[in-house]
Amino acid sequence: MHLPVFLDDPRRLLSSSAAASASARTLARLHALLIVSSSATHTLISSLAAAYARAGDLAAAESTLTATAASSSIAAWNAIIAAHSRRGSPASALRVFRALPPAARPDSTTFTLALSACARLGDLRGGESVRDRAFDAGYKDDVFVCSSLLHLYARWGAMGDAVKVFDRMPRRDRVTWSTMVAGFVSAGQPLDAIQMYRRMREDGVKGDEVVMIGVIQACTAARNVRMGASVHGHLLRHGMRMDVVTATSLVDMYAKNGLLDVACRVFGLMVHRNDVSWSAMISGFAQNGQSDEALRLFRNMQASGIQPDSGALVSALLACSNIGFLKLGRSVHGFIVRRFDFNCILGTAAIDMYSKCGSLASAQMLFNMISDRDLILWNAMIACCGAHGRGQDALTLFQEMNETGMRPDHATFASLLSALSHSGLVEEGKLWFGCMVNHFKITPAEKHYVCLVDLLARSGLVEEASDLLTSMKAEPTVAIWVALLSGCLNNKKLELGESIADNILELQPDDVGVLALVSNLYAATKKWDKVRQVRKLMKDSGSKKMPGCSSIEIRGTRHAFLMEDQSHPQREEIVSKVAKLDLEMRKMGYIPRTEFVYHDLEEEVKEQQLSYHSEKLAIAFGLLNTGPGTRLVIIKNLRVCGDCHDAIKYISKIADREIVVRDAKRFHHFKDGVCSCRDYW
DNA sequence: CTAGGGTTAG
């Protein structure tokens with residue numbers, strides 16, 4: 001037993017580094033001995049309490065101080081408050097702060113800790129009362145106190161107040177500056193963040209990693225890769241520590257700006273990578289449409305022994321959504337259920353995955369299981385119903401959402417209006433558009449106008465839609481004109497349609513689908529020279545666009561089909577299946593719509609080209625490889641053309657199959673010769 | 001004994 005030795009000089013023990021790492025148990029024995037031997041002085045008790053706090057026994061620390069003369073020792077209390085903070089319980093930190101005995105006079109450290117706790121809790125009013133006490137106690141010009149006050153405001157979007165504090169600070173250090181930079185970034189003002197950094201440099205303050213991370217994020221948000229790269233160079237030249245966080249923000253900066261190869265190189269050069277670094281890289285691929293690569297990385301991450309965090313899982317789910325990989329999506333969902341609490345972010349990503357993989361039922365089931373729903377989760381589920389052609393369900397959900405007191409935002413209405421439009425619920429669409437503007441005071445954006453115009457025009461109310469355009473403050477965009485034009489074409493309002501087509505051409509669209517619509521309209525009015533002119537534009541933009549690709553998942557394996565790709569082992573069988581279907585379709589009245597072939601070819605060759613459209617190949621493959629009655633889910637990267645849309649209706653009848661096609665815009669549910677979406681051009 | 005930092009959903 002060596003404790004008595006300590007008793008010779010407990011003072012030395014408590015100030016030595018041994019105490020810093022002493023266990024709470026050792027400290028307790030020492031404590032007891034101090035009391036028994038009546039040698040517990042004020043200073044000793046205070047140091048002991050601080051040592052308890054460092055060792056993590058906060059209850060012991062507090063009870064050591066309470067009811068002794070040492071309870072006036074602010075240093076000991078600070079140690080306790082700091083320990084609560086480190087442990088991630090700001091509420092406990094504040095509780096201790098508020099219950100300080102009157103004899104313990106808070107100092108700069110105490111106020112700083114309390115303000116930081118308020119910032120973490122988002123307790124602005126509590127923070128302001130701490131501020132008042134700090135200022136009264138004479139810490140008005142204290143850099144630590146002011147910087148944490150600044151952070152409180154900046155972190156919660158009150159940049160105006162943050163600037164006020166900042167402006168009257170007599171002294172600023174790099175923490176002050178970096179707080180301002182990060183504040184502007186999270187307030188969505190990246191240019192002001194960069195401006196702050198410039199001011200800092202003019203003031204002669206050198207940036208450290210933390211400031212630079214803020215600047216990198218600002219470059220990411222401002223889409224300024226050039227400056228981002230120069231910051232990167234600056235870091236390297238000045239030999240700044242490339243820690244995980246710095247490197248990760250660089251990876252993110254390059255990836256979000258489309259420089260995936262550079263992002264990869266930075267990622268590859270990292271000495272230590274943690275879950276967040278992997279997440280940044282995976283999301284970079286997923287958001288740049290390289291979903292297969294994102295999923296490969298996701299597997300690599302697990303293989304290298306890093307447990308995916310929620311960021312990586314969300315990105316993996318996003319990648320599964322993009323390519324419609326239901327089996328993998330399900331397994332990621334299963335992984336989450338086993339290891340995580342299902343929060344709203346993960347829930348939203350999973351619901352979106354099920355939705356985009358064609359499984360409305362799974363999305364609904366998951367939604368019903370989540371009881372604590374936030375705005376984005378509701379929006380995702382409403383969008384899901386809409387995408388699957390369930391306008392009425394979307395409306396019911398929307399009303400349910402309102403009943404819970406959740407306030408809809410612009411995205412909610414975009415999803416709702418789009419759902420109503422796809423289901424042809426005209427009266428409801430008009431009603432809720434008006435309600436959005438008048439009751440919820442949301443200024444309609446382009447997407448809202450597109451939905452409403454589409455809804456009106458499709459339903460034959462072309463004039464009403466046209467009036468809506470004139471009532472708009474801004475000039476109509478291509479998307480809005482297109483919605484109106486397709487209504488004109490479907491409802492044979494050719495005269496109005498022609499002037500709209502002219503308007504669209506003036507805006508120089510390069511979208512082949514848009515041009516096809518315009519060309520179809522000119523064909524309907526027999527303006528053949530204009531048809532030729534538009535078809536030339538289509539040829540130019542058609543050669544630039546990516547090839548159409550469709551995929552189908554059969555028993556957990558994905559099969560992708562491109563028009564040009566001859567390499568599929570079952571290619572011949574597939575092509576002859578399509579030909580057989582084609583024959584039957586024609587007997588039932590199908591007429592190939594060769595206007596959807598954009599190359600100058602003989603009519604016969606054009607018809608053949610139509611047979612090679614990727615969605616037809618994928619469907620034929622699906623029919624060959626699944627049993628009768630199995631539902632087929634096709635994921636297509638571009639929009640389904642009018643010809644395929646007609647053809648799949650017939651195929652669903654002939655093969656007696658439910659066929660779901662997800663194109664770049666939405667879902668088409670084909671069954672018994674009809675599609676859930678209304679007229680299609 | 002004290003303040004500031006990265007990824008992820010509609």
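Lettering follows sequence order; numbering is per chain, from 1.
- Looking at heavy-atom distances under 4.0 Å, A/Ile345 makes contact with a base.
- Within 4.0 Å (heavy atoms only), A/Arg120 reaches no atom of the nucleic acid at all.
- Among the heavy atoms of the strands lying under 4.0 Å from A/Ser277 is at least one base atom, whether or not backbone atoms are also near.
- Using a cut-off of 4.0 Å between Lys/Arg side-chain N and Asp/Glu carboxylate O, A/Asp161 and A/Lys164 are scored as salt-bridged.
- With respect to A/Asp142 and A/Arg171, no salt bridge is recorded, no charged nitrogen being found less than 4.0 Å from a carboxylate O.
- Residue-level contact check: A/Asp409 touches the bases, meaning some heavy atom is under 4.0 Å from a base atom.
- Across all strands, A/Thr246 comes closer than 4.0 Å to base atoms (heavy-atom distances).
- In this structure, A/Asn343 places its CG atom 9 Å from C1' of B/dT8, rounding to the nearest Å.
- With B/dC1, B/dA9, B/dG6 as the choices, the nucleotide that has an atom nearest any side-chain atom of A/Thr348 turns out to be B/dA9.
- Heavy atoms of A/Ser108 sit under 4.0 angstrom from at least one base atom.
- Within the 4.0 angstrom heavy-atom criterion, no nucleotide atom of any strand lies near A/Lys356.
- Under the 30°/60° scheme for interplanar angles, the aromatic rings of A/His388 and A/Phe667 are found to lie parallel.
- Taking the six-membered ring wherever Trp is involved, the centroid distance between the rings of A/Trp278 and A/Phe298 does not fall below 6.0 Å.
- Atom CG of A/Leu318 and atom C1' of B/dT7 are 13 Å apart (whole Å).
- Across all strands, A/Ala82 comes closer than 4.0 Å only to sugar-phosphate atoms, never to a base (heavy-atom distances).
- Listed in residue order, the members of residues 174-182 of chain A having a heavy atom less than 4.0 Å from DNA chain B are A/Arg174, A/Val175, A/Ser178, A/Thr179.
- Rounding to the nearest 0.5 Å gives a distance of 6.0 Å between CG of A/Leu235 and CG of A/Leu250.
- Counting any heavy atom pair closer than 4.0 Å across all strands shown, A/Val211 reaches a base atom.
- Every residue two or more places apart in sequence or in another chain that forms a side chain to side chain contact (heavy atoms under 4.5 Å, CB included) with A/Ala229 is listed here: A/Tyr254.
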Name every donor-acceptor pair, under 3.5 Å, that has one atom in a side chain of residues 131-138 of chain A and the other anywhere in the protein, sequence neighbours excluded.
residue: A/Arg131; atom: NH1; partner: A/Tyr153; partner atom: OH; Å: 3.1

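- Computed from coordinates, the A/Ile306 CD1 to B/dT8 P distance equals 18 Å when rounded to whole Å.
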